[in-house]
Amino acid sequence: MLFFKAVTLAFLAAVSTATPITSIAARDGTLEARARDNCTQYTSNSAGSVCIDRPSDCTATYLVQSGDTCQAIGAKFSNFTLSQFYYWNPDIGQTCFGLQAYVPVCINTPWYTFVPPVQAATGTVVDASAVPVPIMGGIVGNCTTYEFVGSGLRVDAIVAQNGITMDEFLEWNQNVDKNTPTVWAEYWVCVGA
């Protein structure tokens, strides 16, 4: 036991001189060091304790409810684009899979001016610099062009509209099944890499 304490203290001394630490916590018998970032600890009975990254000048928040999606939150407030929502709340991820019930999200800052629409129209094609949200899971990291897919749009139509091959589409959208290619409605898919 004395050896463990000495090793732990030596580790803590080495870590504290190497990187700035805001907290060191024991979790399942291991040490977890958290480096400083724009993290705000949020704790509730429903959500537990989570680290929220958001702008320090966030002027309005919304407490995510069970069953909420990024699209539903955007439609509820209609004062920000989903790409802006992701920018304010990077923990949700570009797929929005990181959205957590009972955890607040930023929905406004004083410097942001909303330019409609909340979400692009079905069939809209943008380059990666637009940071479209939400993207379908399994998209390659080097995707350069995205298309917003609506309900009922067939993959063969997406391929034809964008002048790409089915093999390219499947390579860029790795969660699309080769035998029964379908995509998620109301998500962005990769149409160029």
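Partners of Thr144 under the side-chain contact (heavy atoms from CB on, under 4.5 Å) rule, at least two apart in sequence or in another chain, do not exist in this structure. For Thr182, the side-chain contact (heavy atoms from CB on, under 4.5 Å) test picks out no residue, with sequence neighbours left out. Under the rule for a side-chain contact (heavy atoms from CB on, under 4.5 Å), the partners of Tyr102 that lie at least two apart in sequence or sit in another chain are Ser46, Ala47, Gln65, Ser66. Partners of Phe169 according to the ring pair (Phe, Tyr, Trp, His ring centres under 6.0 Å) rule, which considers only residues two or more places apart in sequence or in another chain, do not exist here. Shown here are the side-chain contact (heavy atoms from CB on, under 4.5 Å) partners of Gln174, two or more places apart in sequence or in another chain: Val140. Here Ser129 pairs with Asp127 under the side-chain hydrogen bond (donor to acceptor under 3.5 Å, both in side chains) rule; sequence neighbours left out.
Distance check: Ile158 CD1 to Phe148 CZ gives 11.5 Å after rounding to the nearest 0.5 Å. Atom OG1 of Thr69 sits about 9.5 Å away from atom CD of Glu186, to the nearest 0.5 Å. Separation of atoms OG (Ser78) and CD (Gln119) is listed at 12.0 Å; rounding is to 0.5 Å. Atom CG of residue Asp57 and atom OG1 of residue Thr109 lie 5.5 Å apart, to the nearest 0.5 angstrom.
At a threshold of 4.5 Å between non-hydrogen side-chain atoms, the residues Asp91 and Gln100 do not count as touching. Between Val189 and Trp172, every side-chain heavy-atom pair lies at or beyond the 4.5 Å cut-off. In this structure the side chain of Pro132 reaches within 4.5 angstrom of the side chain of Gln94, judged on heavy atoms. Considering only heavy atoms from C-beta on, Pro134 stays 4.5 Å or farther from Thr95 through its side chain. Side-chain atoms of Tyr187 and Gln71, non-hydrogen and from C-beta on, do get closer than 4.5 Å to each other.
In this structure, Tyr87 shares a hydrophobic cluster with Tyr62, Val64, Ile73, Phe77, Phe80, Leu82, Phe85, Tyr86, Trp88, Ile92, Leu99, Val105, Ile107, Trp111, Tyr112, Phe114, Val118, Val131, Val133, the cluster being traced through Ile, Leu, Val, Met, Phe, Trp and Tyr side chains under 4.5 angstrom apart. Other cluster members for Val115: none, since no ILVMFWY side-chain heavy atom sits under 4.5 Å from it.
Under the salt bridge (charged side-chain N to carboxylate O under 4.0 Å, His left out) criterion, no residue pair touches residues 157-185, with sequence neighbours excluded. Within the structure, disulfide (SG to SG under 2.5 Å) contacts touching residues 138-193 (residues at least two apart or in different chains) are Cys143-Cys190. Residue pairs satisfying the salt bridge (charged side-chain N to carboxylate O under 4.0 Å, His left out) criterion with at least one member in residues 132-157, sequence neighbours excluded, are listed as follows: Arg154-Asp156. Residue pairs that meet the disulfide (SG to SG under 2.5 Å) test with at least one member in residues 87-142, sequence neighbours left out, are Cys58-Cys106, Cys70-Cys96.
Judged by distance alone, with hydrogens and angles left aside, the side-chain atoms of Asn175 form a donor-acceptor pair with the main-chain N or O of Gly137 at under 3.5 Å.
Applying the side chain to side chain contact (heavy atoms under 4.5 Å, CB included) test between Trp188 and each of Val126, Val125, Val149 identifies Val126 as the sole match.
Nearest heavy atom pair, residue Ile164 against residue Val191, reads CG2-O, 3.7 Å.
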